[in-house]
There are 2 protein chains.
Amino acid sequence: MKKNLTGAAKPAEWPVNPNAPTTPTVANPDTSAPRHGMATGRRIIGSGGSGDSGSLDEPIVTASPRKPARRRPSGRVTIADVALRAKVSPMTVSRALKSPSQVLPEARTRVEAAVAALGYVPSHAARTLASSRSRVVGVLVPSLSNAVFVETLAGIQDCLGPAGYQFLIGNTNYSPVTQTELLSTYLTHAPDGFLVTGIDESETIRQRLSAARVPVVHMYDLSQTPGEWSVGFSQQMAGFAITNYLLERGYRRPGFVAAQLDPRTMQRRAGFRRALREAGFDCDLEVLTSEPSNVGLGSKLLIQMLERAPDCDAIFCCNDDLALGALFECQRRGIRVPDDIAIAGFNDLPSSAWSTPSITTITTPRYEIGFQAAQLLLQILNGETPKKSRIDVGFTLTRREST
Amino acid sequence: MKKNLTGAAKPAEWPVNPNAPTTPTVANPDTSAPRHGMATGRRIIGSGGSGDSGSLDEPIVTASPRKPARRRPSGRVTIADVALRAKVSPMTVSRALKSPSQVLPEARTRVEAAVAALGYVPSHAARTLASSRSRVVGVLVPSLSNAVFVETLAGIQDCLGPAGYQFLIGNTNYSPVTQTELLSTYLTHAPDGFLVTGIDESETIRQRLSAARVPVVHMYDLSQTPGEWSVGFSQQMAGFAITNYLLERGYRRPGFVAAQLDPRTMQRRAGFRRALREAGFDCDLEVLTSEPSNVGLGSKLLIQMLERAPDCDAIFCCNDDLALGALFECQRRGIRVPDDIAIAGFNDLPSSAWSTPSITTITTPRYEIGFQAAQLLLQILNGETPKKSRIDVGFTLTRREST
DNA sequence: CTGAAAGCGCTTACAG
DNA sequence: CTGAAAGCGCTTACAG
């Protein structure tokens with residue numbers, strides 16, 4: 001019989017029930033179900049030489065001897081399985097899942113029942129490949145141990161999560177090299193967009209991104225380049241504002257303490273320097289280290305500052321972790337804050353409002369940055385035209401007891 | 001001309017160069033490249049009725065009038081483009097990328113050159129679909145604002161990153177419902193495995209996970225169920241140890257302060273209670289709230305505790321954030337630590353070693369938990385048989401100034 | 001509203 | 001070592 005020679009399974013057996021008894025000793029192993037055209041049992045003429053399950057008497061075009069078809073059993077419940085059970089075509093299952101309103105209620109109900117009964121889980125890979133939309137967004141932050149970026153992540157999640165997006169979260173560790181690597185890697189996932197911290201991609205990666213037509217929104221920095229999307233605030237103005245505040249409070253010998261030394265930290269320093277210069281003061285008191293920032297480091301840097309300039313009467317720490325460490329060290333040494341020395345931080349982390357004394361700092365809208373950057377990206381992805389390509393979310397000077 | 005009727009592109013135009021001039025006004029829009037069999041230009045007979053680029057005179061089997069073929073131009077550089085340029089088959093490109101040793105050096109070099117010249121980026125979706133291995137691992141943590149889990153993430157990253165895995169990081173917000181939702185969503189990505197915090201999946205999700213044959217490794221808790229993978233330590237023993245230490249130091253009226261009240265917190269409380277009971281003390285001093293934990297909350301809970309029990313001489317806070325807040329509040333009120341009241345925490349966060357006084361706490365190997373859980377998963381994914389299904393990483397009691 | 005065909009970009013499983 | 005065929009599980013783009 002020609003049909004058996006072709007190795008096609010009997011239509012009634014599509015798809016094969018793994019629990020049903022199989023014919024174990026036939027030479028031709030192709031007793032499994034071809035997955036294409038499963039619902040109707042049709043196969044492409046010439047590709048496998050099978051008949052058509054709808055009209056078994058149809059002439060068979062090619063009947064030349066051929067090798068057994070290969071099988072790749074995945075065990076996964078597919079849209080075809082659901083279709084078979086719901087007695088509709090795979091396309092209708094696809095529609096019932098994506099745009100239920102386009103499907104008649106009866107069909108929809110049957111599909112839903114089949115989905116539940118079979119425990120159907122859609123394949124993200126297949127969807128992405130077929131639709132060329134991944135619903136994935138790559139997010140790059142310089143650190144996760146810094147609460148600042150975790151809150152930004154929350155803002156992103158709250159905006160893009162409800163819209164059905166998933167995230168590839170990458171920690172660049174403040175390294176441009178790692179950032180480039182992550183962008184390359186994430187590009188293989190065909191993300192619909194990127195949300196990145198800072199603006200310092202290499203030329204190569206910039207070209208790759210535009211070649212892949214993946215929109216990129218930059219966070220924390222405000223881009224000067226037209227056509228580049230960015231949401232942030234002026235780090236320099238913030239540094240300027242808090243330094244000015246120290247001067248207004250009467251401090252005459254303020255120092256700058258910083259770690260990590262990423263571009264944003266350096267911009268804060270530029271603000272510090274400008275404030276001193278404009279007020280006619282020296283700006284020689286700076287203790288910097290490229291080490292990653294943490295509380296203990298704040299203690300150490302305070303000691304260095306005091307050894308170098310015993311007359312230093314105020315320090316501006318580039319972030320609150322450092323400020324807290326400095327405060328702890330003052331407590332340890334019996335140095336009164338702010339009477340002997342004032343301490344200012346940056347970011348307004350949760351503990352800064354509660355320490356004794358509480359810490360003067362710049363409150364940054366980091367949740368807002370994430371949310372708005374995500375919103376900007378969402379508009380771009382939806383084909384809308386955002387009003388502004390550059391959103392300044394500002395900052396607030398929060399005066400507390402430490403100054 | 002039959003060939004034009006079929007709508008097949010001229011072989012020489014495969015693939016179409018987007019910069020080349022196109023014929024703009026032909027009725028048949030199919031001038032784009034069919035992507036299948038591109039390297040050889042062969043098309044399935046009967047499926048589209050085209051000729052064979054290798055032998056143009058071959059007879060065409062079907063020549064019935066048909067609709068123009070559909071195009072789905074993605075613009076993406078594919079393995080076929082690389083193959084064409086490197087003058088090899090797509091399969092050889094695939095091998096040159098995945099297992100270079102199986103390809104002759106000359107071919108490999110040409111492939112590498114073509115990849116670089118074209119800026120080829122592999123498609124993760126296509127790879128996943130074809131290989132049914134996603135190289136993605138789902139990671140579920142209850143919080144990202146808690147530094148504890150961020151360090152666990154770092155351990156996971158350091159173990160699985162070099163092995164070529166990507167992560168879907170989900171924040172359950174301490175909610176079992178959210179955890180279930182995340183697991184469902186992530187399942188569509190066909191992850192090779194899951195790393196989850198705690199052991200409290202619902203029965204439904206447990207079945208779905210085993211149906212999908214995705215291995216799950218539990219972190220922080222130690223599973224009592226045979227066959228379940230877990231890496232953690234006994235939260236109860238840790239709570240017991242630190243409470244015992246307070247008693248040994250001579251404190252006679254210790255209280256327990258906790259927030260969030262997740263299962264692990266409650267296990268710490270069980271340890272606290274057991275220690276008091278075994279030593280013959282009352283264990284009635286507990287201030288609990290389901291609010292999320294933060295420094296400010298620690299201040300508030302300390303106040304509540306002192307109002308309720310002015311004779312309380314030591315508190316065990318379920319985590320260091322709470323302990324730090326309590327310490328700040330004591331400083332504010334002039335309560336001496338540890339002379340008037342002792343404060344103990346849990347986790348040993350960075351600031352606990354630096355505060356004044358420094359805080360006695362349980363040091364937890366959270367990086368280790370992530371790393372070892374990842375390692376366990378890696379073994380399972382590699383088909384190896386791990387020695388133990390349950391890894392106890394232990395904990396350390398770190399004595400400091402606050403007790 | 002519903003469905004058949006083709007294709008998304010790779011890899012598996014063979015064959016040579 | 002290399003390649004042609006088939007298939008992974010969906011969606012797009014048509015047609016009816």
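Reminder, nothing fancy here: chain letters follow the sequence lines and each chain counts from 1.
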_Pairwise side-chain contact, A/Q166 with B/L168, heavy-atom cut-off 4.5 Å (strictly under)_ = yes
*Is there a side-chain contact between A/V115 and A/L97, using heavy atoms and a 4.5 Å cut-off?*
yes
*Starting at the 5' end of DNA chain D, which residue's closest nucleotide do you reach first, A/A125 or B/K87?*
B/K87
Would you classify [X] as touching base, sugar-phosphate or nothing, given that sugar-phosphate means primed atoms plus P, OP1 and OP2, and contacts are heavy atoms under 4.0 Å?
{"X": "B/S101", "result": "sugar-phosphate"}
{"X": "A/V82", "result": "nothing"}
{"X": "A/V93", "result": "nothing"}

*Between A/F194 and A/L209, is a side-chain contact (heavy atoms from CB on, under 4.5 Å) present by the stated rule, with each step listed?*
CA-CA 9 Å; A/F194 273 116; A/L209 287 168; 3.5 Å; yes
From [options], nucleotide with atom closest to [X] side chain:
{"X": "A/A130", "options": "C/dC10, C/dT2, D/dG9", "result": "D/dG9"}
{"X": "A/R76", "options": "C/dT12, D/dG9, D/dT2", "result": "D/dG9"}
{"X": "A/S94", "options": "C/dG9, D/dT11, C/dT2", "result": "D/dT11"}
{"X": "A/V88", "options": "C/dG3, D/dC10, D/dT2", "result": "C/dG3"}
{"X": "B/A126", "options": "C/dT11, C/dG9, C/dG3", "result": "C/dG9"}
{"X": "A/I79", "options": "D/dT11, C/dC10, C/dG3", "result": "D/dT11"}

*Please round to the nearest 0.5 Å and tell me the distance separating atom NE2 of B/H124 and atom CZ of B/R135.*
9.5 Å
*D/dG3 phosphate, OP1 or OP2: any side-chain N/O from B/S89 under 4.0 angstrom?*
yes
_D/dG3, OP1 or OP2 - any side-chain N/O from B/T92 closer than 4.0 Å?_
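Checking B/T92 against D/dG3: at least one side-chain N or O falls below 4.0 Å of OP1 or OP2.
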*Give the stems involving DNA chain D, where a stem is 3 or more consecutive Watson-Crick or G-U wobble pairs (i with j, i+1 with j-1, and so on) under 3.5 Å.*
C:1-3 with D:14-16, C:5-12 with D:5-12, C:14-16 with D:1-3
